[in-house]
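This is a predicted model, so every value here is computed, not measured. Values reported hereafter were calculated over all heavy atoms of this structure, with side chains retained and with hydrogens, waters and symmetry mates removed.
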Amino acid sequence: MYKFRYLLLILLLHPSCEPDDVCNIENPSTPQLVFRLYDANQPSQLKSVDTLRIKDTENESVLQLINTDSIAIPFQISTNKMNLDFTISAGLSDELLIDFQTQDRYLSRACGFQSTFYINEIEIGSNQSWINTIEIVTNEVLVDTLAHVKIYH
């Protein structure tokens, strides 16, 4: 009987998980930059595009979306600039130049670091074709469930 009490006492005093071993799934380590597409004539109305192809000019990666009004693009952690080529189904293409800063915050031993991105500036390239204007909704990109940038076309 005494062995059972000692075993129970040891199990209660020595928990197997520490409080920092559980990571919060709501805050991913690398959030994505979220764009929403709006009608330039009616700025409060979303306006989707039939086919949107996004090409990162640095590493040649391509993301293709069909009939969408929302885009989520991962940040490149190794650099502070991104050059993205947005091409729609009509063959029209615009280049977006995104300048940002990264700030890392230590979460815990098990979860590591969380990156927060701050958008300094987004410019449309010199050959503007289908994008009319861009509006930065929020400069701080911590959560990727909200729109950070509005594109009017």
Side-chain angles (χ1 to χ4, degrees), residues 14-153:
H14 185 65
S16 62
C17 290
E18 294 182 17
D20 64 345
D21 284 346
V22 179
C23 298
N24 186 357
I25 61 171
E26 294 175 3
N27 295 327
S29 59
T30 306
Q32 296 184 344
L33 179 60
V34 178
F35 293 90
R36 295 296 306 257
L37 303 174
Y38 288 88
D39 190 349
N41 298 324
Q42 298 175 351
S44 62
Q45 296 293 320
L46 291 171
K47 182 179 178 183
S48 63
V49 291
D50 293 334
T51 303
L52 178 62
R53 185 176 158 262
I54 302 168
K55 179 180 176 185
D56 186 350
T57 58
E58 295 294 321
N59 61 13
E60 301 295 322
S61 63
V62 176
L63 173 66
Q64 185 157 342
L65 303 163
I66 297 173
N67 197 18
T68 186
D69 62 6
S70 181
I71 310 151
I73 299 173
F75 279 97
Q76 295 176 2
I77 300 173
S78 61
T79 183
N80 287 339
K81 295 184 186 269
M82 288 193 307
N83 294 340
L84 301 174
D85 185 41
F86 284 66
T87 305
I88 59 173
S89 58
L92 301 173
S93 179
D94 279 329
E95 184 179 17
L96 294 184
L97 310 168
I98 304 168
D99 182 32
F100 60 92
Q101 293 177 333
T102 307
Q103 184 178 32
D104 294 328
R105 182 176 60 125
Y106 180 73
L107 295 177
S108 67
R109 181 180 56 196
C111 301
F113 289 88
Q114 179 183 31
S115 297
T116 302
F117 297 93
Y118 297 95
I119 302 170
N120 296 328
E121 184 178 22
I122 299 179
E123 295 179 3
I124 303 173
S126 59
N127 297 332
Q128 186 174 349
S129 60
W130 69 277
I131 296 177
N132 291 341
T133 57
I134 292 179
E135 176 188 345
I136 299 174
V137 178
T138 179
N139 287 356
E140 183 181 51
V141 180
L142 181 61
V143 180
D144 56 6
T145 57
L146 304 172
H148 305 111
V149 178
K150 292 181 178 181
I151 296 177
Y152 297 97
H153 67 101

key: Phe100 and Val141: CA distance, side-chain angles, deciding distance, side-chain contact (heavy atoms from CB on, under 4.5 Å) verdict   = CA-CA 10 Å; Phe100 60 92; Val141 180; over 6 Å; no
inquiry  = One pair to check against side-chain contact (heavy atoms from CB on, under 4.5 Å): Asn127 and Glu95. What are the steps and the verdict?
reply    = CA-CA 8 Å; Asn127 297 332; Glu95 184 179 17; over 6 Å; no
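Of the inter-residue distances, the one linking Leu63 atom CG with Leu84 atom CG reads 9.5 Å to the nearest 0.5 angstrom. Remark: Arg53 CZ to Ile88 CD1 distance equals 13.0 Å, nearest 0.5 Å. Note that NE2 of His153 is 11.0 Å distant from OH of Tyr38, once rounded to the nearest 0.5 Å. Note that CG of Asn132 and CD1 of Ile151 are 11.0 Å apart. Values are rounded to the nearest 0.5 Å. Considering CG of Leu96 and CD of Glu123, their distance stands at 10.0 Å, rounded to 0.5 Å. In this structure, Lys81 NZ and Gln101 CD are separated by 10.5 Å, a value rounded to the nearest 0.5 Å.
Thr68 places none of its side-chain heavy atoms less than 4.5 Å from the side chain of Ser48. Side-chain contact between Leu97 and Asp99 is absent, with no heavy atoms from C-beta onward closer than 4.5 Å. Using a 4.5 Å heavy-atom cutoff, the side chains of Thr116 and Glu140 are in contact. Looking only at side-chain heavy atoms (C-beta outward), Thr87 and Lys55 stay at 4.5 Å or farther from each other. No side-chain heavy atom of Leu146 sits less than 4.5 Å from a side-chain heavy atom of Val34. In this structure, Phe117 and Leu33 have side chains that are not in contact, with every pair of non-hydrogen atoms separated by 4.5 Å or more.
Salt-bridge annotation for Asp69 and Lys47: absent, with no side-chain N of the basic residue lying under 4.0 Å from a carboxylate O of the acidic one.
Of the possible polar contacts, one joining the Ser129 side chain to the Ser93 backbone as a donor-acceptor pair under 3.5 Å is found. Asp94 places no side-chain N or O within 3.5 Å of a backbone atom of Phe86 that could act as its donor or acceptor partner.
Residues Ser89 and Thr51 have side chains that never bring a donor and an acceptor to within less than 3.5 angstrom of each other. A donor atom on one side chain and an acceptor atom on the other are not found under 3.5 Å apart for Thr57 and Asp85.
Taking every heavy atom of both residues into account, Pro31 and Ser115 meet most closely at CD-O, 3.4 Å. Of all non-hydrogen atoms in Asn83 and Glu58, the two that sit nearest each other are ND2-OE2, 3.7 Å. Residues Arg36 and Ser70 approach most closely at CD-OG, 3.5 Å, considering heavy atoms. Across all their heavy atoms, His148 and Gln32 have their closest contact at CE1-O, 3.4 Å.
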